[in-house]
Amino acid sequence: MKIKLETLKHEQKIKINETEQWTDLDLEGESYPYSRPVKIDLEVEFSSQRVYVSGEVKTQIIHPCDRCLEPVEVDINGRVEAVYVENPKVKEVEEVMDEVGVFYYNPTMEFLDLTDRIIESILLEIPMKVLCKPDCKGLCPHCGTNLNEHPDHVCEYEDEKIDSPFYALKKISFESKGE
C-alpha cells in the first residue's frame with residue numbers, strides 16, 4: 001500500500017479505508033493463507049517534516065494447531081503505529097535503531113510504502129501457541145494418531161522403547177532368505 005508523498009504534503013491528512021485480497025502470509029519459510037480479506041483502516045498525517053501513521057488491520061489467517069496440526073482460523077486485529085522522519089541521507093525507508101516504530105525516509109521519494117507496517121501488525125497478532133481448542137489432546141507421540149478424533153486410542157507402539165534414532169534399523173533383517 002503506497003501513499004504519494006506529494007499528495008500527503010498537500011492535503012496534510014489522509015484516511016485510508018481499503019479491503020485487499022491477499023493470498024498468503026509468509027513467516028519464517030512457512031506460508032499461511034488468508035481466509036478473509038485484509039481490511040485496512042489507517043490515518044496518515046504529515047506535520048513538521050514527519051509522517052504519522054496510525055490505525056487498524058483486520059483479517060483472518062489459517063494456521064496449523066501446534067498440537068494436532070489441524071487448520072485453525074486465527075482472527076487478526078492488528079494495530080499500526082509508525083512515525084516516518086525526513087532524512088535526505090537515506091535512499092529508501094530505514095528503521096531508526098533504538099526507537100521502535102520510527103523510520104527515516106528521503107523527502108525526494110515519490111511514494112511511501114506502508115505494506116511492511118501492515119504486515120508487521122498482522123505478525124504481531126499471531127499467538128505464540130495456536131490451538132484448535134484449549135483442551136486439544138494433540139497427536140500420539142508414537143504413531144501420530146490425532147487424539148482429539150480418537151480419544152480412546154491405545155498405541156501399539158507405546159511399550160516399545162524408541163530412545164534411539166536407530167530404532168527403525170532394529171526391524172531390518174540382514175540375513176539372506178535364499179541360503
(request) Kindly compute the distance separating CG (Asp41) from CG (Asn17), expressed to the nearest 0.5 Å. (result) 4.0 Å
(message) What I'd like to find out is whether the side chain of Arg67 reaches to under 4.5 Å of the side chain of Lys133, using heavy atoms alone.
(response) no
(message) Just so I know, are the side chains of Glu86 and Ser48 near enough to count as touching, which here means a heavy-atom distance under 4.5 Å?
(response) no
(message) Assigning hydrophobic clusters by single linkage (Ile, Leu, Val, Met, Phe, Trp, Tyr; side-chain heavy-atom cutoff under 4.5 Å), is Leu69 placed with Ile126?
(response) no
(message) Test of understanding: with side chain to side chain contact (heavy atoms under 4.5 Å, CB included), list the residues that count as partners of Thr7, not counting sequence neighbours.
(response) Lys4, Glu11, Ile14
(request) Mind checking the CG-OG1 spacing from Leu139 to Thr145? Nearest 0.5 Å is all I need. (result) 8.5 Å
(message) Are Phe111 and Val93 connected into the same hydrophobic cluster when the rule is that any two of I, L, V, M, F, W, Y join if their side-chain heavy atoms are below 4.5 Å apart?
(response) no
(message) Checking Arg50 now: which residues fulfil salt bridge (Lys or Arg N to Asp or Glu O under 4.0 Å) with it, not counting sequence neighbours?
(response) none
(message) Rounded to the nearest 0.5 Å, what separates atom CZ in Phe46 from atom CD in Glu6?
(response) 9.5 Å
(request) Evaluate the side-chain proximity of Leu131 to Val72: yes if any heavy-atom separation is below 4.5 Å, no if none is. (result) no
(message) Going by the rule side chain to side chain contact (heavy atoms under 4.5 Å, CB included), which residues pair with Ser31 if we only count those two or more places apart in sequence or in a different chain?
(response) Asp24, Asp26
(request) Check Pro64 against Tyr32 and note the closest heavy-atom contact, atom names and distance. (result) CD-CE2, 3.6 Å
(request) Please tell me if the side chains of Asp135 and Asn148 come closer than 4.5 Å, counting only heavy atoms from C-beta onward. (result) no
(message) For Leu5 versus Met109, what's the shortest heavy-atom pair and its separation?
(response) CD1-O, 3.3 Å
(request) For Pro71 and Ile62, work out which heavy atoms get closest and say how close. (result) CB-CG2, 3.7 Å
(request) Under the side-chain contact (heavy atoms from CB on, under 4.5 Å) rule, what do Lys15 and Leu42 come out as? Steps first, then yes or no, please. (result) CA-CA 6 Å; Lys15 291 191 181 236; Leu42 298 177; over 6 Å; no
(message) Hydrophobic cluster membership, with links at side-chain heavy-atom distances under 4.5 Å among I/L/V/M/F/W/Y: are Leu123 and Ile40 in one?
(response) yes
(request) Flag the pair Val74 / Pro127 as yes when at least one side-chain heavy-atom distance between them is below 4.5 Å, and no otherwise. (result) yes
(message) For the SG atom of Cys68 and the NZ atom of Lys137, what is their distance to the nearest 0.5 Å?
(response) 11.5 Å
(request) Would you check, one step at a time, whether the test side-chain contact (heavy atoms from CB on, under 4.5 Å) holds for Asp113 with Ile3? (result) CA-CA 6 Å; Asp113 192 353; Ile3 305 285; over 6 Å; no
Could you go through residues 75-85 and list every donor-acceptor pair under 3.5 Å that involves a side-chain atom there, pairing it with any protein atom two or more places apart or in another chain?
from, atom 1, to, atom 2, distance (Å)
Asp75, OD1, Gln60, NE2, 2.7
Arg79, NE, Glu81, OE2, 3.2
Arg79, NH1, Gly55, O, 3.0
Arg79, NH2, Glu81, OE2, 2.9
Tyr84, OH, Arg117, NH1, 3.0

(request) Looking only at non-hydrogen atoms, find the nearest pair between Cys132 and Cys65 and report the distance. (result) N-SG, 3.3 Å
(message) Rounded at 0.5 Å granularity, tell me how far OH in Tyr34 sits from CD in Glu20.
(response) 10.0 Å
(message) Using a 3.5 Å distance criterion without hydrogens, assess whether the side chain of Thr59 forms a donor-acceptor pair with backbone atoms of Arg36.
(response) yes
(message) Assess the residue pair Tyr105 and Leu112 against the criterion (side-chain contact (heavy atoms from CB on, under 4.5 Å)); give the C-alpha distance rounded to whole Å, side-chain angles, the decisive distance to 0.1 Å, and a yes or no.
(response) CA-CA 8 Å; Tyr105 76 97; Leu112 190 60; 4.1 Å; yes
(request) Determine whether Met1 and Glu18 make a side-chain contact, defined as any pair of heavy atoms from C-beta on separated by less than 4.5 Å. (result) yes
(request) Report the residues that fulfil salt bridge (Lys or Arg N to Asp or Glu O under 4.0 Å) with Glu73, sequence neighbours left out, ordered by chain and then residue number. (result) none
(request) Can you see which heavy atom on Asn106 is nearest to which on Pro88, and at what distance? (result) ND2-O, 3.1 Å
(request) Under the side-chain contact (heavy atoms from CB on, under 4.5 Å) rule, what do Trp22 and Ile119 come out as? Steps first, then yes or no, please. (result) CA-CA 11 Å; Trp22 291 357; Ile119 292 172; 4.0 Å; yes
(message) Once rounded to the nearest 0.5 Å, what's the spacing between atom CD of Glu56 and atom CD1 of Ile118?
(response) 13.0 Å
(message) Using the side chain to side chain contact (heavy atoms under 4.5 Å, CB included) criterion, which residues pair with Pro141? Sequence neighbours excluded.
(response) none
(message) Looking at every heavy atom in both Leu147 and His153, which two are closest together, and how far apart are they?
(response) CD2-CD2, 3.8 Å
